[in-house]
Amino acid sequence: MKKIIVASTNPTKIESTRCAFAAVFPDEELVFEGVASASGVSGQPMTDEETLLGARNRVLGIKAEHPNADFWVGLEGGVDDIMGELHQFSWTYVCSADGREGKGRSATYIAPSIYRTMLIDQGMEIGEVGDTIFKMQNSKQGSGASGLLTGGIIDRVELDRHATIFALIPFIKPDLY
């Protein structure tokens, strides 16, 4: 049995982690626990580097408080201004009990200009922007911005699942790392 602690109580982050680990370790019994953890970065990370740092900080925080696990997983959604466009994505950081680590980034999509205006000019977070535009409540614990913008085709669970699988590559192919 492998115990995985997710550095969040957000059900979408826990579910994306569960789906990724189930795909990577199909023959293992897996147990998941979500634990609240501070990112140590701004509420809405505004660069690629800050987003990865937030995912990593979440793991370091829970690992110290909950040392009895096989894996610790941190996920962080962020944006970055690239050539005048607002790119949205997420990072997953994984650490194992033996000290190995993995990092994976999701696909990136370009946010509509209204997202940029509301994020930067009005100081909102991605989830708040989506809730305002689509008249939702707490969409970041549901379909997320990717789900709202794709009509549910790629929701937050699916977006983060890919990032988490990429973060698990060093555990899938340890001989290469």
Side-chain angles (χ1 to χ4, degrees), residues 1-80 87-109 125-127 138-147 154-177:
M1 178 177 74
K2 291 187 187 307
K3 182 176 182 180
I4 298 99
I5 298 181
V6 182
S8 179
T9 57
N10 183 327
T12 62
K13 290 182 177 184
I14 296 167
E15 180 62 11
S16 64
T17 301
R18 187 197 65 74
C19 290
F21 272 79
V24 171
F25 302 108
D27 300 324
E28 295 279 346
E29 182 181 344
L30 305 169
V31 176
F32 297 87
E33 180 181 350
V35 176
S37 179
S39 68
V41 298
S42 59
Q44 179 56 69
M46 298 298 285
T47 66
D48 192 56
E49 185 177 318
E50 183 183 20
T51 307
L52 176 55
L53 180 62
R56 183 176 182 272
N57 287 347
R58 289 183 187 281
V59 167
L60 297 179
I62 61 166
K63 188 175 177 189
E65 294 175 19
H66 301 273
N68 296 321
D70 296 291
F71 292 95
W72 297 267
V73 181
L75 300 93
E76 190 75 28
V79 297
D80 204 348
H87 292 229
Q88 290 185 243
F89 51 85
S90 64
W91 271 101
T92 299
Y93 179 86
V94 177
C95 186
S96 66
D98 64 5
R100 289 183 294 156
E101 65 178 20
K103 299 171 214 147
R105 187 172 184 249
S106 73
T108 300
Y109 57 94
E125 293 183 21
I126 293 171
N138 205 18
S139 62
K140 69 181 184 179
Q141 290 193 3
S143 64
S146 62
I154 299 176
D155 64 11
R156 186 168 188 182
V157 169
E158 184 66 8
L159 185 76
D160 288 344
R161 182 181 73 87
H162 287 227
T164 304
I165 290 171
F166 292 146
L168 290 170
I169 290 173
F171 307 97
I172 297 168
K173 300 289 185 188
D175 54 314
L176 297 177
Y177 290 83

### Query
For the residue pair Phe32 and Phe21, does the interplanar ring angle fall in the parallel (under 30°), tilted (30 to 60°) or perpendicular (over 60°) class?
perpendicular

With rounding to the nearest 0.5 angstrom, report the [atom1] to [atom2] distance, [X] to [Y].
{"X": "Leu75", "Y": "Arg156", "atom1": "CG", "atom2": "CZ", "value": "8.0 Å"}
{"X": "Phe89", "Y": "Leu52", "atom1": "CZ", "atom2": "CG", "value": "9.5 Å"}
{"X": "Ser96", "Y": "Lys63", "atom1": "OG", "atom2": "NZ", "value": "7.0 Å"}
{"X": "Thr17", "Y": "Leu30", "atom1": "OG1", "atom2": "CG", "value": "11.5 Å"}
{"X": "Trp91", "Y": "Glu50", "atom1": "CH2", "atom2": "CD", "value": "14.0 Å"}
{"X": "Glu28", "Y": "Met1", "atom1": "CD", "atom2": "CE", "value": "10.5 Å"}

Where is the tightest heavy-atom contact between [X] and [Y], given as atom of each residue plus distance?
{"X": "Cys95", "Y": "Val59", "answer": "CB-CG1, 3.8 Å"}
{"X": "Ala7", "Y": "Gly74", "answer": "CB-CA, 4.2 Å"}
{"X": "Ser42", "Y": "Ser39", "answer": "O-OG, 4.4 Å"}
{"X": "Pro45", "Y": "Glu76", "answer": "CG-OE2, 3.5 Å"}

### Query
Sub-3.5 Å donor-acceptor pair from the side chain of Lys13 to the main-chain atoms of Ser8, do we have one?
no

### Query
Are the side chain of Asp70 and the backbone N or O of Ile4 linked by a donor-acceptor pair below 3.5 Å?
no

Only distances under 3.5 Å count here; give the side-chain donor-acceptor pairs of residues 159-174 to other protein atoms, sequence neighbours excluded, each with its distance to 0.1 Å.
{"unit_1": "Asp160", "atom_1": "OD1", "unit_2": "Ser90", "atom_2": "OG", "d": "2.6"}
{"unit_1": "Arg161", "atom_1": "NE", "unit_2": "Glu158", "atom_2": "OE1", "d": "3.1"}
{"unit_1": "Arg161", "atom_1": "NH2", "unit_2": "Glu158", "atom_2": "OE2", "d": "2.9"}
{"unit_1": "His162", "atom_1": "NE2", "unit_2": "Glu158", "atom_2": "OE2", "d": "2.9"}
{"unit_1": "Thr164", "atom_1": "OG1", "unit_2": "Thr92", "atom_2": "OG1", "d": "3.1"}
{"unit_1": "Thr164", "atom_1": "OG1", "unit_2": "Asp160", "atom_2": "O", "d": "2.9"}

### Query
Are side-chain heavy atoms of Arg58 and Tyr93 found at a separation under 4.5 Å?
no

### Any side-chain heavy-atom pair of Arg100 and Tyr177 under 4.5 Å
no

### Query
Is the CD atom of Glu49 crowded by more than 12 outside heavy atoms at less than 6.0 Å?
no

## Note on the structure
Sequence neighbours excluded, the answer for salt bridge (charged side-chain N to carboxylate O under 4.0 Å, His left out) partners of Lys103 is Glu101

#### Entry: Sequence-distant partners of Leu60, side chain to side chain contact (heavy atoms under 4.5 Å, CB included), two or more places apart
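Partners of Leu60 by the side chain to side chain contact (heavy atoms under 4.5 Å, CB included) criterion, ordered by chain and then number, come out as Arg56.
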
### Task
Run the numbers on Gln88 and Ser146 for side-chain hydrogen bond (donor to acceptor under 3.5 Å, both in side chains), then give the verdict.
CA-CA 9 Å; Gln88 290 185 243; Ser146 62; over 6 Å; no

